[in-house]
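Working notes for the structure below.
Here is how names work: the chains are called A, B, and so on, in the same order as the sequence lines, proteins then strands, and each is numbered from 1. Note that this is a predicted model, so its numbers are computed, not measured.
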Amino acid sequence: MDTILFLIFAAIAVICGINLVVQTHPISSALSLVGVMGALAALYLLLGGEFIAAAQLVVYAGAIMVLFVFVIMLLNAGTEKRLNVRPLGKYLGAPLLLVFFGMMAYLIQKVMPPSSPVVFGAFQGGTAAEIGKSLFTVYLLPFEVTSVLILIAILGAIVLARKEVD
Amino acid sequence: MIPLGPLPAAVPPSWYLILSAILFALGVLGFLLRRNIITVFMSIELMLNAVNLSFVTFSYVLKRVDGHIFSFFVMVVAAAEAAVGLAIILTVFKNRQTLEIDEVSSLKN
Amino acid sequence: MNYYLLSMIKTAIVVGIFMHVLAYLQWIERKVIAHVQLRVGPRRVGPHGLLQPLADVIKLVTKEDILPSHVNKVFYFLAPFVAVTFALISISIIPFGPEITVAGVRTNMGLADLNIGVLFILGISGLGVYGVALAGWASNNKYALMGGLRSSAQMISYELPMALAIVAPLLILNTLNLRQIVNGQEGFYWGFIPRWSIFMMPFPQIFSFILFLIAGFAETNRVPFDLPEAENELVAGFHVEYASMKFASFFMAEYANMVTVSAVATLLFLGGWHPIFPQQYGSGLIPVLIFAASAVLCFFHAANPARPFDRITLPVFGVLFLGAAGLFLIPVVQPILLPLFWFSAKVGVILFVFIWVRATLPRFRYDQLMRFAWTFMFPVALINLFITGLLVALFP
Amino acid sequence: MQLWLIPILPFLGFLLNGLLGKKLSKPVINAIAVGSVLLSFVWVVKTLSALGAFSGGLEETYKEHYYTWIQSGMLNISVDFAIDRLTAVMLMVVTGVGTLIHIYAVGYMAHEGGYYRFFAYLNLFMFFMLILVLGANFLLLFVGWEGVGLCSYLLIGFYFLEKFATDAGNKAFIVNRIGDFGFALAIFLVAIHFGSLDFGTVFTQIKAMPIETSAGIFTVISLLLLLGATGKSAQIPLYVWLPAAMAGPTPVSALIHAATMVTAGVYMIARTSQIYLHSPWALDIVAIVGLTTAFVAATIGLAQNDIKKVFAYSTVSQLGYMFVGLGVGAFSAGIFHLMTHAFFKALLFLGAGSVIHACSGEQDMRYMGGLRKYTPITMVTLLCGSLAIAGFPFLSGAASKDLILEAAYEHAPWMYWVGVFTAGMTAFYVFRAFFLTFFGEYKGKPAAGHGHGHDDAHGHDGHGHGTPHESPAVMWIPLAILAVLSVGGGFINIPHFLEPLFPLQEGEPARWLEYVAMAAGLGGIAMAYLFYVVSPGLPESLATTFKGLHTLIYNKYFVDEFYDATVVEPMVDGSRQLLWRVADVQVIDGVANGIGSTARGLGGILRRAQSGYIRSYAAWVLAGSILAIAYIGFMGLAR
């Protein structure tokens with residue numbers, strides 16, 4: 001059962017990811033990204049990270065991507081022109097990428113310690129309570145810092161996007 | 001390595017990591033190939049998601065919550081980044097009437 | 001009993017009932033608004049227009065399905081489904097009643113029981129915006145686009161106060177699981193004041209409840225926040241290009257969202273299926289009394305009818321009501337029906353408020369809408385949350 | 001015990017007034033400024049009583065650790081506050097006098113511009129001063145040290161529209177830099193030699209070590225510390241900034257340049273007494289520096305006409321006394337004098353401020369006089385202060401000064417005699433100022449347009465111009481309190497209180513020492529009375545007879561000119577000629593241009609990589625990261 005679920009959602013994620021890259025219209029890419037995020041949320045659930053799954057839905061799919069879609073619609077961004085891959089990208093990018101991916105896979109297989117397979121419910125540490133506990137004890141300072149970061153981001157966004165009054 | 005033949009009842013964590021590697025590679029690919037600023041930005045988000053997946057996987061392997069915390073922070077940072085980045089994109093569009101990333105190359109020379 | 005089979009059965013039941021509820025909700029809305037405006041409302045199809053929904057469904061199905069030439073096909077088709085799907089998903093985790101035993105099978109009233117139910121609902125309601133936004137964008141029509149933009153902006157803006165308003169009672173109840181939330185509101189203060197969140201010490205969540213309702217109106221694009229489909233500005237907003245079933249699914253999505261918001265409000269603030277006053281004071285008899293009273297009313301009106309055929313229809317309803325009243329007296333089904341009654345009664349009240357407001361209030365202007373969200377709702381929700389947290393911390 | 005509250009409260013006041021002072025109304029600003037300091041004073045009292053400082057408790061140091069600030073290798077500096085009896089005295093003085101002066105300033109600054117700015121700076125100063133006093137290691141001490149320096153700079157240059165004010169501020173700042181340079185070096189030495197900056201650990205280490213006979217590490221450290229102290233406490237050779245600092249508003253002169261900040265050096269030396277005790281030689285130097293300063297400053301004070309300048313020089317000379325006390329090993333006497341001096345000198349300055357206020361901004365004593373009719377309260381309070389500083393019997397000044405002098409006699413009789421003579425001079429010039437101000441006839445300004453421009457603000461205030469007027473209650477009530485303190489302050493037996501830290505020398509000193517000192521003081525007063533009340537013509541004739549001496553003193557021994565000639569000018573010229581013309585233009589620019597051109601050459605090659613296309617950059621990043629991963633990964637696998 002776990003395997004099937006994993007394969008389904010992994011397939012969704014990969015397909016949507018590929019779609020993100022090949023689609024020429026930003027909004028299609030945005031939606032496929034939303035698909036990836038949904039699939040990832042499900043995978044998080046499988047990995048026992050229920051809070052993170054919910055956060056993924058709320059923050060990423062529910063807020064950030066909506067913002068993307070909003071901006072795309074606002075700018076009414078059309079489809080891209082035919083992408084002419086400059087020789088750099090053609091002869092360097094793709095092969096490098098393949099090398100990169102192959103190497104990662106190899107390293108993962110090599111480095112990962114042989115560990116128990118992922119069974120749903122085997123790890124109960126991802127509950128909201130646990131996250132909250134360590135967020136407000138061990139990681140308190142980073143947490144506060146992120147709040148400041150958010151504040152700064154808000155200010156920056158407002159300053160950048162406001163109408164010049166002059 | 002990945003066993004062929006009948007599927008195991010449950011997959012090893014390394015599969016999740018490989019999935020995240022695939023997604024990350026796709027993100028890089030999109031970053032390299034696409035010309036629309038927004039799409040490029042979304043590729044970055046895809047990479048972040050891939051990293052999150054591996055974080056969560058690690059925290060499953062280690063049976064510790066820290067990975068979740070880190071992916072949580074990544075989400076926060078992504079949110080901030082999205083806010084500022086999209087604002088920047090809006091400004092760029094306002095000034096140049098284009099989203100083509102290659103036409104925004106005032107850093108040249 | 002097999003878990004999957006059980007789930008199948010429960011899903012079938014819930015979907016069946018829910019669909020009818022949605023269909024008839026529209027009838028109720030038209031009736032209520034009509035009576036608010038001193039009209040009679042639909043009454044041609046069936047007695048008192050009771051078959052109106054059926055007629056509407058037939059109309060919508062059989063209508064010609066127009067496919068405008070300039071739309072973006074994929075998203076044009078996708079949008080309605082997205083909308084209705086995310087509208088309906090939320091129902092799956094809403095508990096309607098306590099754990100019950102039917103024919104020797106113990107099971108929860110309600111489909112799924114998530115530990116993070118509240119967060120899940122938030123996430124799903126956040127996703128709901130895609131349907132509207134996509135529809136607006138895909139129809140390639142400036143009114144529709146405006147509608148889509150408005151609704152996405154509006155939903156993002158009102159997500160925050162909504163979330164903050166939800167968090168406040170969670171601080172007191174200290175769980176994210178909807179069922180535990182309801183169980184946490186069981187009991188009474190001094191034996192008669194129900195321990196619902198809106199009355200709950202140390203800080204009654206009445207403000208959160210109001211904030212949540214307002215935000216809920218905005219989230220469901222209802223009057224006075226129905227900017228996305230403001231007829232007089234945007235023709236019909238995001239679904240201007242849609243017809244027949246696609247249009248119907250948008251409609252359904254809106255009503256489903258209404259029901260979801262009302263149900264969540266009931267669970268979070270009104271104590272779910274818990275009665276309004278204790279059993280020993282005979283709260284179990286309330287439904288019986290209500291149905292009996294309505295039966296009596298029917299008979300009275302039948303005795304001196306306003307219209308000729310009331311002489312025939314009203315007695316039928318009277319009998320039906322009597323039957324319902326009798327049903328509540330059977331001890332076997334009481335533990336099933338009573339919680340259901342209370343739950344649906346509370347949801348019904350909130351839904352009535354939705355309709356009432358629609359019949360009463362005018363529409364916001366768009367900038368007013370946004371300013372209201374950011375300069376009133378948000379700070380108030382923050383202050384409310386702060387006070388709640390403070391009091392919870394002080395008097396644990 | 002929440003020690004951190006003590007400095008934080010004024011800091012909050014600073015934040016409030018500094019950030020939104022523009023919007024606030026004056027009463028609110030007063031409430032914030034005075035209230036914060038008053039609260040921290042209350043908290044000090046509460047803390048000390050809780051620690052039993054008033055009931056013979058607080059035998060050993062009470063310490064609070066907050067967090068680790070710097071952790072590098074063996075050096076581990078943490079932010080923690082400590083209270084022992086020395087700190088207790090300082091805390092009481094700083095917060096107590098500080099509160100009074102804040103209250104006074106409310107009245108004094110009432111008609112000034114930049115009101116909120118002034119109080120924000122004042123609160124900030126309190127914050128840093130309390131950090132300085134509370135800090136439990138050298139680095140925190142240094143932080144407070146620099147902070148008070150900053151605030152004093154800001155407040156001296158408070159009237160930054162007048163050039164002389166900004167110049168004075170710069171002078172103070174630069175002169176202090178010299179001292180801080182020494183202090184910083186000392187701190188480095190301490191860190192190197194003892195591996196820690198925490199007072200407790202360092203001093204316990206030192207206790208174990210033998211007293212060094214010849215110049216060694218202790219001598220070096222203590223001399224460097226002394227350099228820092230001379231800078232902050234205006235001792236020879238770095239005293240020149242203090243008289244100039246009188247350009248600031250009078251409350252500032254009272255708080256910073258009389259009561260608290262300038263005594264930081266004394267506090268620092270007392271705090272590090274362990275080091276000094278291990279280097280008798282350095283201790284002697286401290287005493288000699290102090291004595292010289294006391295004498296020279298007193299002589300200069302004889303001939304000043306600006307009332308604030310007179311008190312400034314008397315401050316310098318009194319600080320000299322404290323250094324003498326420290327130098328001869330009577331640390332507790334030094335601290336005692338620090339406290340009493342804080343009382344009567346703050347009183348004198350505030351009184352002077354009240355007089356200036358009364359004369360609508362006039363600072364030159366030759367244009368005052370006869371004020372006893374107009375400002376009785378000020379006169380009485382100022383009389384108390386003058387008597388106290390002049391060493392009148394049973395007053396606070398006498399008590400502490402006599403202790404120092406006796407200790408000096410134990411140490412070396414000649415020091416005692418110089419000190420006594422200086423005491424005589426002190427009494428003389430203080431009462432010269434007193435008589436010139438309050439006796440004779442009120443002369444007023446012959447012509448408009450002098451007196452310091454900033455204080456002209458008082459000229460424009462509601463009170464009448466010509467005739468002097470008594471100051472408002474908010475100004476004379478602090479004066480009264482300070483007067484009481486400076487009369488009775490001598491009966492607070494600080495040396496006994498500090499005994500656990502600085503053991504007293506046993507042996508009852510001869511009584512006649514006190515009598516001689518008293519006689520000197522009274523003699524000085526009598527001479528002043530003779531010169532300036534009985535026969536006012538006398539000083540002029542004296543000045544004419546001893547013309548050379550008078551001009552020498554009147555021009556402050558030409559020290560400023562000397563420094564200008566020897567230090568400032570050469571530095572300016574040297575930097576202009578050597579550094580600029582040669583080093584900068586030829587060497588540095590040449591090198592820079594050379595590098596630049598080479599870089600441009602190389603860059604021409606590399607520039608091709610910088611296409612301005614983000615994605616090509618990304619491609620490079622990708623390539624780099626692949627290499628990195630490959631290296632790390634396979635190296636990791638290899639081992």
Heavy-atom cut-off 4.5 Å, strictly under: side chain, backbone, both or neither for B/F72 against chain A? both
Heavy-atom distances under 4.5 Å only: say whether B/V76 touches chain A with side chain, backbone, both or neither. both
Please classify the contact between B/Y16 and chain A as side chain, backbone, both or neither, with a heavy-atom cut-off of under 4.5 Å. both
What part of B/S59 gets within 4.5 angstrom of chain A, counting heavy atoms only: side chain, backbone, both, or neither? both
By a 4.5 Å heavy-atom criterion (distance strictly below it), what part of A/V36 contacts chain B: side chain, backbone, both, or neither? side chain
Answer yes or no: is there a side-chain heavy-atom contact under 4.5 Å between A/L20 and B/L46? yes
Toward chain B, the part of A/A55 with a non-hydrogen atom under 4.5 Å: both
Show, in sequence, the C-alpha distance, side-chain angles and deciding distance for A/L7 and B/V11, and conclude whether the side-chain contact (heavy atoms from CB on, under 4.5 Å) test is met. CA-CA 9 Å; A/L7 290 180; B/V11 298; 5.5 Å; no
B/L17, part contacting chain A, at a heavy-atom distance under 4.5 Å: both
Does a side-chain heavy-atom distance below 4.5 Å link A/Y60 with B/N52? yes
Is chain B contacted by the side chain of A/I18, its backbone, both, or neither, given a heavy-atom distance below 4.5 Å? both
A/L135 versus chain B, heavy atoms under 4.5 Å apart: side chain, backbone, both or neither? both
Minimum heavy-atom separation for B/L23 and A/A13, please, with both atom names. CD2-O, 3.9 Å
Note, B/L90 side chain near A/L74 side chain (heavy atom, < 4.5 Å): yes
Could you report the tightest heavy-atom contact between B/A80 and A/A153, atom names first, then the distance? CB-CB, 3.5 Å
Proximal component of B/F55, with respect to chain A [non-hydrogen, under 4.5 Å]: neither
Provide the closest heavy-atom pair for B/A83 versus A/L67 in the form atom of the first, atom of the second, distance. CA-CD2, 4.4 Å
Just wondering, do A/I52 and B/M75 contact through their side chains at under 4.5 Å, heavy atoms? yes
Do A/Y44 and B/H68 have side-chain heavy atoms sitting under 4.5 Å apart? no
Testing the 3.5 Å rule here: is there a donor-acceptor pair between the side chains of A/Q56 and B/N49? yes
Minimum side-chain heavy-atom gap A/L43-B/T57 below 4.5 Å: no
Quick one: are B/M42 and A/M65 in side-chain contact, heavy atoms under 4.5 Å? yes
Which residues in residues 138-148 of chain A have a heavy atom less than 4.5 Å from any heavy atom of chain B? A/Y139, A/P142, A/F143, A/T146
Got a sec: does the CZ of B/F70 have more than 12 other heavy atoms crowding it under 6.0 Å? no
Quick one: are B/V65 and A/T127 in side-chain contact, heavy atoms under 4.5 Å? no
